[in-house]
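To start, the structure under review is shown below, and the notes come after it.
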Amino acid sequence: MLFLVGTRDFNVKNGVISNEKCPKCDTENSLHFSIFRKYAHLTFIPLFPVGKILVVECNNCKSTFDYEDLSENGQLKMRSEKLDATLWTYSGSIIIFIVSVFFLNNYFSAKDETAILIKNPSEGDVYNLKFSNGYYSNMRIDKVTTDSIYTTHNDFDAYMPYEVDDLNKPENYSDKKFSYSRQELLKLYKDDEIIKISRKNVINN
C-alpha cells in the first residue's frame with residue numbers, strides 16, 4: 001500500500017474587515033478575508049493542524065493582500081478572529097492512537113498469556129517462532145512427557161510476525177520433527193525466539 005504524506009489547506013472562516021480601508025484604493029469596508037487552516041495528512045487523512053493562512057482581497061479593486069499589508073488595527077482584528085475547534089483535522093492522529101492502544105493491549109495480553117503457557121506445554125499448542133535470520137514460523141506440539149516435548153515444525157516461513165498465524169494449517173506440517181526439554185523451551189522463550197503460544201480451549205461435556 002502506498003502512503004502519501006503532505007499538507008493541505010481548507011477554508012475555515014470568511015468575513016469582512018470592518019472599518020478598515022483598502023491599502024491600495026482606500027475604499028472602506030471592502031476588504032474580504034478568508035482564513036485557511038493548513039494540516040498535515042497521511043493519504044489525505046488529516047493528522048494535525050500545522051498553521052493558518054490568511055487571504056485578504058479588496059472587493060472594489062480586486063487587489064490581494066497579506067497579513068503584513070494591513071494596518072496595525074487590521075492586523076489586530078485578524079488576530080482576534082476566533083476559529084471553531086476542528087477535531088476533524090486531528091482525526092488521523094486519533095485513529096492512529098486508538099489503533100496503537102489496541103495493538104499494544106493485544107501485544108501485552110498475548111505476552112502475559114505466553115509467559116503462563118510456556119511453563120505448562122500441552123499437546124496441540126502452536127508456538128510462533130522468530131528465527132535468528134529474521135524469518136518467522138511456527139511449530140506444533142505433538143506429545144508431552146515428563147521431561148520432553150515432541151514437536152513438528154511448519155514447512156513454511158513468513159517475513160512478518162503478523163503473517164505467522166496464516167501458516168498454521170495442518171497441511172503445512174510434515175516431517176520436520178524436533179524434541180526439546182522443558183528447560184530448552186523456557187530458554188527459547190527467554191531469548192525471544194518463542195513470541196506467541198496458541199492453545200485451543202477444550203470444553204468437557
Legend entry - Side-chain heavy atoms of Phe131 within contact of Asp157, under 4.5 Å: yes
Inset, instruction - Determine whether the side chains of Glu57 and Ser63 contain a donor N or O and an acceptor N or O closer than 3.5 Å. - result: no
Inset, instruction - Answer whether the closest heavy-atom distance between the side chains of Met139 and Tyr180 falls below 4.5 Å. - result: yes
Legend entry - Results of side chain to side chain contact (heavy atoms under 4.5 Å, CB included) for Glu163 - residues two or more places apart only: Ala158, Tyr159, Met160
Inset, instruction - Would you check if Ile118 and Leu186 make a side-chain contact, meaning some heavy-atom pair closer than 4.5 Å? - result: yes
Legend entry - Shortest non-hydrogen separation from Thr146 to Arg182 and the atoms involved: O-NE, 3.0 Å
Inset, instruction - Verify, without hydrogens or angle tests, whether Glu113 (side chain) and Ile197 (backbone) share a donor-acceptor contact under 3.5 angstrom. - result: no
Legend entry - Residues which pass side chain to side chain contact (heavy atoms under 4.5 Å, CB included) with Asn14, listed by chain and number, not counting sequence neighbours: Asn11, Ser34
Inset, instruction - Determine whether Thr64 and Asp69 make a side-chain contact, defined as any pair of heavy atoms from C-beta on separated by less than 4.5 Å. - result: no
Legend entry - Test item: Asp191 side-chain N/O and Leu188 main-chain N/O as donor-acceptor pair under 3.5 Å: no
Legend entry - Check ion pair Asp142-Lys177 (N to O, under 4.0 angstrom): yes
Legend entry - Student check: side-chain heavy atoms of Ile17 and Val56 closer than 4.5 Å: yes
Inset, instruction - Find out whether Cys22 and Cys61 are in side-chain contact, i.e. whether some heavy atom of one side chain is under 4.5 Å from a heavy atom of the other. - result: yes
Inset, instruction - Report yes if the side chains of Tyr127 and Ile195 come closer than 4.5 Å at any heavy-atom pair, otherwise no. - result: no
Legend entry - Identified side-chain contact (heavy atoms from CB on, under 4.5 Å) counterpart of Asp165 within the set Asn128, Asn138, Val126: Asn128
Legend entry - Polar side chain donor-acceptor pair, Asn59 to Ser30, under 3.5 angstrom: no
Inset, instruction - Working to the nearest 0.5 Å, report the span between CZ of Arg199 and CG of Asp125. - result: 4.0 Å
Legend entry - Centroid-centroid under 6.0 Å between His153 and Phe178 rings: yes
Inset, instruction - State whether the number of non-hydrogen atoms from other residues, nucleotides or ligands found under 6.0 Å of Lys77 atom NZ is greater than 12. - result: yes
Inset, instruction - Verify whether one side chain among Tyr173 and Asn168 offers a donor that lies under 3.5 Å from an acceptor in the other. - result: yes
Inset, instruction - Report yes or no: does Ser137 contribute a side-chain atom to a donor-acceptor pair with the main-chain N or O of Phe156 at less than 3.5 Å? - result: yes
Inset, instruction - Specify the closest pair of heavy atoms between Lys176 and Asp155, including all atoms of both residues, with the distance to one decimal. - result: CD-OD1, 3.3 Å
